[in-house]
Protein chains: 2
Amino acid sequence: MVWRDEHGKRLEDYPRPSVAVDTAVLTVDDGRLAVLLAGGALPGTFLHPGETLADAVLRSLRDKAGVVGRSPRQLRVFDKPSRDPRGWVLSVAHVDMVPVAELAAALTHGGVRLAPADDASVLVGLPYEQGEIVAAAVEAVRAEYRAEPDPSALLDEPFTLAELRGLHTAVLGEEPMRDTFRRYMEARLKSTGETTDGGRGRPSRTWRRMSAIPAAATRG
Amino acid sequence: MVWRDEHGKRLEDYPRPSVAVDTAVLTVDDGRLAVLLAGGALPGTFLHPGETLADAVLRSLRDKAGVVGRSPRQLRVFDKPSRDPRGWVLSVAHVDMVPVAELAAALTHGGVRLAPADDASVLVGLPYEQGEIVAAAVEAVRAEYRAEPDPSALLDEPFTLAELRGLHTAVLGEEPMRDTFRRYMEARLKSTGETTDGGRGRPSRTWRRMSAIPAAATRG
DNA sequence: AGCATTTTGCGCTGATCTGCGCTAAATCAG
DNA sequence: CTGATTTAGCGCAGATCAGCGCAAAATGCT
C-alpha cells in the first residue's frame with residue numbers, strides 16, 4: 001500500500017536531492033594528523049535505498065579504503081547549493097579515526113594518499129566543501145582526545161603512557177604537560193599490573209582502555 | 001547541460017530519499033523548558049529544490065509556528081529505516097530556542113501547544129523518533145547555556161543577574177550557585193552602568209550580552 | 001527616622017589543579 | 001660493579017575555583 005498525500009501524490013512524485021555520505025578518515029602518520037584522500041577527495045558514496053547513513057558510510061569505507069570494523073561518527077550535513085556541480089546533492093559528513101596500518105592496502109592503490117589534516121593548503125584544494133568537512137572532523141576528534149585516552153583505539157593494547165602521550169600529541173598538535181596528562185588519563189585507564197620488557201631505563205607500566213571491547217571491535 | 005555518470009544516468013535516475021527538516025522549538029514556559037508541538041509533532045517540512053536546510057527550517061517555523069528571525073542550529077540526521085511509515089525519509093533535526101512571547105500567535109491555533117521538554121511521557125508520545133530529537137535538542141541547548149549567558153537571547157536587554165539566573169535555572173533544570181554563576185557570567189556580559197528603577201531593596205545592576213546584535217536579529 | 005527588603009560585594013576557607021624540580025627505581029651498556 | 005638511561009613518583013608552591021556567611025548599599029514602606 002503506497003502512501004499518498006492529500007493531493008494524491010506519493011513521496012517519489014516530489015523533487016528530492018541526492019544524499020551522499022562523505023567521511024573524513026583521519027589517522028596519525030609521521031607524528032601528525034592525516035586525512036585519507038582517494039582521487040583527491042574524501043571517500044564517499046550516494047545513499048542506497050534501505051540503507052542507514054552508517055551502512056552507507058561503512059560500505060564506502062570498505063569499497064574505497066578497504067577499512068572495516070570501525071564506527072564512524074556523524075558530523076553534520078553540508079548543503080550549500082553550489083557545493084556540487086553535478087546537481088542537488090546533500091552531504092552527510094562523518095569522521096572516523098583509523099590506525100594507519102589498516103590503511104596500508106588502500107594506500108597501494110593509485111590515487112589514494114594521506115595528506116596533513118590541519119594543513120590549510122590541503123583543505124582548500126578539496127572539492128565539494130570537503131575542506132570544511134575535514135576541519136570539522138579535526139575539531140571533533142581533538143575534543144574527543146582531550147576528554148578520553150585514545151578513544152578511537154589507535155593503539156594496540158597494552159600500551160605505555162609515553163605511547164599514549166605521543167599519540168595524543170600527534171592528534172592535538174601540541175604536547176600535553178607530562179604530569180597533568182598522567183593524572184587525568186591514569187584515572188581513565190586500567191593498569192595491566194605489568195611492565196614493558198627490554199629497553200634501557202626503568203621499564204614502563206602498561207595500560208588498557210577502560211572498555212572491555214577489543215580495540216578492533218565495532219562500538220555500539 | 002545535465003550531468004550524467006559513466007552509465008549515462010542522471011542523478012535523478014537513481015532512487016533517493018525524501019529529506020525532511022524537523023525542529024525542536026524550545027522555549028521557557030512557567031519556569032521550565034518546553035517544546036512546541038503542532039498536531040502532536042515537531043514542526044517540519046520536506047526540503048524543496050534550491051533550498052538550504054536552514055531555508056527550509058525557517059520556512060517551516062514561519063508557516064507552522066509563526067516564528068521568524070531566528071537561527072536554528074542543526075543537530076544531526078535521523079535515518080532509522082522504520083522511522084517514517086510513509087516511506088524512505090531522512091530527517092535533519094534542528095533546534096531553536098524562542099521566547100515564549102513569539103509563540104503566542106501560534107499557540108492560538110488549534111493543535112498547537114507547548115509540552116514539557118524533559119518529560120519522558122511527552123517524548124515517547126511523539127511520532128517519527130521525535131522524542132530522540134527533543135532529547136538531543138535539550139542536551140544541546142543545556143550545553144550552550146552552561147557555556148554562555150542566555151546565548152539564544154530570550155531575555156530582552158537590559159536584564160538583571162536575577163533574571164538571567166532564573167532563565168538559566170529554567171533551562172538547566174537546576175539552580176546554579178549564586179556566586180559561582182555571577183563570577184562566570186559577569187565575565188561574559190557587558191554592564192550597562194545603570195540599575196533598575198523602582199522596586200524595594202537595593203536596585204539591581206543591569207547587563208547586556210557581549211554581542212552587538214539586537215536580541216531578535218538573526219545570527220551569522 | 002527606623003525598619004524591612006533586596007541586591008551587591010567580598011573575605012574567608014577548603015578543595016582542586018597545574019607545573020616543576022628532583023629523587024628513586026629498574027633496567028642495560030661497558 | 002659503575003654509570004647512563006628512562007620512567008615513575010611525589011613534594012611543593014602557586015594559582016584557581018566553589019561555596020558560604022555576612023555586611024554594606026540602596027531602595028520602599030510604615
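Just the heavy atoms: all of them, side chains too, but no hydrogens, waters or symmetry mates, feed the values below. Residue numbers start from 1 in every chain, and the chains themselves are labelled A, B, ... in the order their sequence lines are given, proteins ahead of strands.
Inter-residue side-chain proximity for B:Ser18 and B:Leu90 is flagged as unmet; no heavy-atom pair is nearer than 4.5 Å. Side-chain contact between A:Leu75 and A:His94 is absent, with no heavy atoms from C-beta onward closer than 4.5 Å. Between A:Val19 and A:Val92, some side-chain heavy-atom pair lies under the 4.5 Å cut-off. With contacts defined as side-chain heavy-atom distances shorter than 4.5 Å, the pair A:Leu164/A:Asp150 qualifies.
For the 3.5 Å distance criterion, the side chains of A:Arg205 and A:Thr160 fail to qualify, holding no donor opposite an acceptor.
Atom CZ of A:Arg178 and atom P of D:dG11 are 14 Å apart (whole Å). If you take CD of B:Glu175 and C1' of D:dG19, they are 14 Å apart, rounded to a whole angstrom. Straight-line distance from the CZ atom of B:Arg202 to the C1' atom of D:dA26: 7 Å, rounded to whole Å. Rounding to whole angstrom units, CZ of residue B:Arg183 and P of D:dG19 are separated by 9 Å. Rounding to whole angstrom units, CZ of residue A:Phe181 and P of D:dG9 are separated by 15 Å. One can place CZ of A:Arg182 at 13 Å from C1' of C:dC17, the figure rounded to the nearest angstrom. Atom pair B:Arg205:CZ and D:dA24:P shows a separation of 20 Å (rounding to whole Å applied). The distance from atom CG of A:Asp179 to atom P of D:dG11 is 12 Å, rounded to the nearest whole Å.
Closest-nucleotide positions on DNA chain D for B:Met177 and B:Thr196 were compared, and the one nearer the 5' end corresponds to B:Met177. Ranked by how close their nearest DNA chain C nucleotide is to the 5' end, A:Thr180 and A:Arg200 are led by A:Thr180.
Taking every heavy atom of residues 158-174 of chain B and every atom of DNA chain C, no pair lies under 4.0 Å.
Taking the centre and axis of the six-membered ring of B:Phe181, the NZ or CZ atom of B:Arg183 falls outside the cone set by 45° and 6.0 Å.
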